[in-house]
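Here is how names work: the chains are called A, B, and so on, in the same order as the sequence lines, proteins then strands, and each is numbered from 1.
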There are 2 protein chains.
Amino acid sequence: MNYQKIINSLGIILMIIGISMVFPLLWSLYYGDSDCRAFFLSSCITLFVGFVSYKDTEAEGNIQNKEAFCIVVMGWLLASCFGTLPYLLSGTFSSFADAFFETMSGFTTTGASVLSNIEGLPHGVLFWRSFTHWLGGMGIIVLFVALLSSLGTGGAQMFRAESPGPVSEKIKPRISETAKILWYTYLMLTILETILLCLFGMPLFDALCHTFGTLATGGFSTKNASVGYYSSPGIEWVIIIFMFLSGANFALHYHAFRAKSLKGYWRNSEFKVYSCIILIVIVLITFNINTDGYKSLGESIRGAAFQVVSIITTTGYATVDFDRWSSLSKAILITLMFIGGCAGSTGGSIKVGRILVLLKQTKLELQRSLHPRAILNMKIDRKNINDGVVVNILQFFFIYIAIGLAGTIFMASLGLDLVTAFTSVAATLGNVGPGMGLVGPTQNYAFIPDVGKYVLSFFMLLGRLELYTVLVLFLPSFWRK
Amino acid sequence: MNYQKIINSLGIILMIIGISMVFPLLWSLYYGDSDCRAFFLSSCITLFVGFVSYKDTEAEGNIQNKEAFCIVVMGWLLASCFGTLPYLLSGTFSSFADAFFETMSGFTTTGASVLSNIEGLPHGVLFWRSFTHWLGGMGIIVLFVALLSSLGTGGAQMFRAESPGPVSEKIKPRISETAKILWYTYLMLTILETILLCLFGMPLFDALCHTFGTLATGGFSTKNASVGYYSSPGIEWVIIIFMFLSGANFALHYHAFRAKSLKGYWRNSEFKVYSCIILIVIVLITFNINTDGYKSLGESIRGAAFQVVSIITTTGYATVDFDRWSSLSKAILITLMFIGGCAGSTGGSIKVGRILVLLKQTKLELQRSLHPRAILNMKIDRKNINDGVVVNILQFFFIYIAIGLAGTIFMASLGLDLVTAFTSVAATLGNVGPGMGLVGPTQNYAFIPDVGKYVLSFFMLLGRLELYTVLVLFLPSFWRK
């Protein structure tokens with residue numbers, strides 16, 4: 001491995017993070033809050049370290065496979081370390097564990113928080129929390145690849161290592177073009193949702209923060225009661241629709257926009273399955289909660305739709321305390337935590353596309369046990385899915401569940417009850433945010449011991465980078481020459 | 001499909017069940033209990049239906065793949081239906097759902113019960129409950145194959161469809177010889193444990209019933225407090241050792257007995273992993289429960305060892321109420337429910353051998369993402385594991401977890417809390433028996449609505465026949481000519 005190349009790239013990533021800190025600084029200055037000094041300092045420190053690390057050589061070209069994995073994982077870890085500076089310097093957190101948890105939760109778009117009183121925070125800090133969602137949602141590395149067009153094949157490898165889903169789609173032959181298009185689409189949807197939220201009466205600052213939380217499927221809010229604070233059906237429906245869009249493949253949005261036609265959506269099996277699951281579950285839960293004190297059917301539908309879309313897209317916003325729903329609704333929501341959004345979306349967890357392959361493969365495997373000599377191939381959207389991809393997805397499922405179980409045992413060893421332990425792991429590994437029990441939607445993660453916070457932060461990173469990218473670094477052969 | 005062939009085989013299976021009912025009848029006569037009429041009638045009815053179905057043609061030879069699946073699944077269903085007769089005729093149960101649940105739980109060696117007062121039952125019924133374990137443990141079909149040597153290749157297919165583990169080992173080239181050897185080994189261990197239990201002061205009747213429950217990894221006891229009733233360290237250690245042996249591959253026991261050497265055990269990776277998991281978990285739980293009111297370290301070790309071996313082998317006997325242990329110990333026990341015994345054992349669940357392949361494959365898949373072009377093969381015990389087997393095992397894991405989640409949602413829809421719903425499914429699908437919460441070791445399954453009992457009975461069968469055998473019957477192509 002060429003360490004200079006890695007350090008170079010990490011330097012650029014840090015400079016991107018440093019520049020990002022200017023936006024909360026501006027809000028802080030606008031509101032005249034006390035945290036502007038913290039943001040100025042944080043930005044300077046991050047930019048300085050980034051600048052010192054970066055040596056202007058041709059080194060960023062031709063990044064090898066191993067180096068790509070290193071850059072992506074180290075880039076995310078460094079971003080989360082330097083991202084804590086505003087929290088620590090402004091005094092929002094006194095402990096590094098808390099600040100690291102909150103930053104990692106932000107960048108990985110998990111949205112799990114250790115804060116109990118959010119409304120008491122200065123504007124700069126609130127903006128930074130939501131802005132980390134936005135940066136991490138489409139991806140720090142995708143942004144890095146979009147900005148640097150000289151990365152060659154290394155760019156494609158890094159892009160693949162960060163982007164969600166089993167196979168990453170190339171919109172354009174050049175990976176930096178693809179990355180640019182994805183970021184433009186993301187930006188346009190951001191502007192659109194902000195305008196809509198403002199039209200429904202949300203102040204601009206809140207609208208921006210909630211847009212970041214929605215489009216990145218993050219879940220940080222500027223209010224203690226999350227989106228429930230506004231008690232506005234209009235705002236809730238806007239957020240439901242944009243959560244739904246953010247859980248779908250962004251390449252589909254781009255194609256629909258280019259072709260000015262919605263046909264592309266219905267030609268995509270993953271999108272169809274994603275929509276069907278959401279519709280069916282909304283109907284089920286609407287009937288299930290309709291007796292639980294909801295006033296009208298309309299309210300029940302909205303309550304069910306909001307929570308269902310929020311959980312399956314792994315956003316984690318809440319308008320009601322779903323931990324008080326019946327165990328049927330809770331069991332369904334926990335299952336949704338393991339499904340997640342579509343490939344190429346900003347959603348986390350296993351992804352609908354993988355579930356689709358797993359279900360089709362189940363049928364194939366049963367046929368195989370009936371006709372051992374038959375040659376059976378899988379097709380999705382008229383494309384053959386080769387065996388290597390299928391095995392990779394099956395294996396992904398096993399690792400995901402195995403980590404989930406091991407994580408539950410670890411969290412239980414810290415004294416958490418079974419439901420809290422299990423859902424805290426499911427909600428961080430799936431980048432959802434709130435779980436059930438003591439980490440339910442009206443609770444927070446503050447009470448968890450520091451070691452638990454670090455482990456859950458690691459799960460967030462594992463989930464966001466879809467296991468393999470992080471786990472290969474633990475292979476002894478990775479570090480051998 | 002040749003339906004006459006299927007009906008023929010089912011007739012023989014029913015006759016086996018009918019003859020088996022003579023044993024509880026004898027105990028009933030010996031004790032002069034009121035249930036002897038019930039057993040006499042049940043045996044006659046079952047034998048008569050079996051005899052009428054059986055037509056002495058050459059039809060049992062050359063059974064095809066589809067027919068084999070049909071015979072195995074229908075055989076198990078019929079055995080469980082006719083097995084309810086003694087319960088219903090003796091008045092032990094008034095509802096068919098309860099009787100079917102108890103019989104299926106017996107044959108599949110699950111050991112989940114709907115009875116609250118076991119000690120009040122007549123001896124014949126108690127014996128029949130435990131005897132169903134013993135028949136189902138080594139396998140009704142294996143017994144059928146052992147008794148009929150004229151089955152040809154169909155026998156091997158049925159053997160495979162019933163026997164646990166990803167690849168069934170042939171001890172002898174002829175499948176009926178293999179089946180005979182397995183049943184002899186099983187019988188010898190049965191005699192040995194019964195003698196040992198008697199030596200430690202257990203009455204012969206109880207010793208036989210508990211031996212059936214142990215060797216089949218079943219879990220039905222003749223006492224309300226399960227093995228805890230005897231409060232005898234000697235009895236507990238005998239049962240711990242025999243549960244441990246029953247969770248290991250019976251082919252290994254046979255080879256060890258033939259070669260008069262224990263070397264074969266240590267050459268078997270699965271057995272080594274199985275032993276290591278048990279040892280590590282016993283140590284962990286001993287330390288975890290040592291503060292929970294246990295008097296001495298020895299008692300803690302025994303308590304931990306009994307419960308750990310009972311759960312991983314999917315037996316389900318209990319000497320303490322593990323539902324009152326800390327959430328760490330409970331989380332570990334739930335994880336063990338998903339591991340289960342070894343291939344070729346009488347234990348249920350996923351099996352250590354499959355877990356071993358899944359873990360090795362995880363490493364291979366990570367190496368593959370690092371070196372996409374490398375050719376990597378898996379070896380276990382110096383044998384190559386081909387890709388088809390690996391995919392089959394990965395797929396098995398997915399189906400197992402997917403059914404577990406869907407089952408949890410279904411059980412939650414009946415109003416069960418999350419922990420009860422989840423563990424009731426895990427404990428029946430894994431053929432364990434007791435779960436946590438309302439189905440914990442001191443509770444029973446009586447309160448579950450009838451539809452829930454049928455679904456859980458179906459899960460027991462799915463688990464015992466390792467998913468594929470049952471699920472292929474749901475393929476539309478199975479029924480096409």
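Contacts between B:Leu418 and chain A at a heavy-atom distance below 4.5 Å involve backbone atoms as well as side-chain atoms. Both the backbone and the side chain of B:Leu358 come within contact range of chain A, each with at least one heavy atom under 4.5 Å from a heavy atom of that chain. Using a 4.5 Å cut-off between heavy atoms, B:Leu416 contacts chain A through its backbone alone, with no side-chain atom that close. B:Phe69 touches chain A through its side chain: at least one heavy atom from C-beta onward sits under 4.5 Å away, while N, CA, C and O do not.
Within a 6.0 Å radius of CZ in B:Phe447, other residues, nucleotides and ligands contribute more than 12 heavy atoms. Applying the 6.0 Å contact sphere to CE of B:Met74 captures no more than 12 heavy atoms from other residues, nucleotides or ligands.
B:Ile332 CD1 to A:Leu405 CG: the interatomic distance, rounded to the nearest 0.5 Å, is 12.0 Å. Note: A:Leu366 CG to B:Ile399 CD1 = 5.5 Å, rounded to the nearest 0.5 Å. Interatomic distance, B:Leu370 CG to A:Leu471 CG, rounded to the nearest 0.5 Å: 12.0 Å.
Looking only at side-chain heavy atoms (C-beta outward), A:Ile401 and B:Phe398 stay at 4.5 Å or farther from each other.
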Donor-acceptor pairs, chain A vs chain B, cutoff 3.5 Å:
residue	atom	partner	partner atom	Å
A:Asn65	ND2	B:Leu370	O	2.9
A:Ser327	OG	B:Leu416	O	2.4
A:Thr362	OG1	B:Gln395	NE2	2.7
A:Glu365	OE2	B:Asn392	ND2	3.2
A:Leu370	O	B:Asn65	ND2	2.9
A:Asn392	ND2	B:Glu365	OE2	3.1
A:Gln395	NE2	B:Thr362	OG1	2.7
A:Leu416	O	B:Ser327	OG	2.5

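Heavy-atom pairs under 4.5 Å with chain A were tallied for B:Ala421, B:Gly415, B:Ala331; the largest tally goes to B:Ala331.
Looking at residues two or more places apart in sequence or on another chain, you find a side-chain contact (heavy atoms from CB on, under 4.5 Å) between A:Val470 and A:Val73, A:Phe458, A:Leu461, A:Leu462, A:Leu465, A:Phe474.
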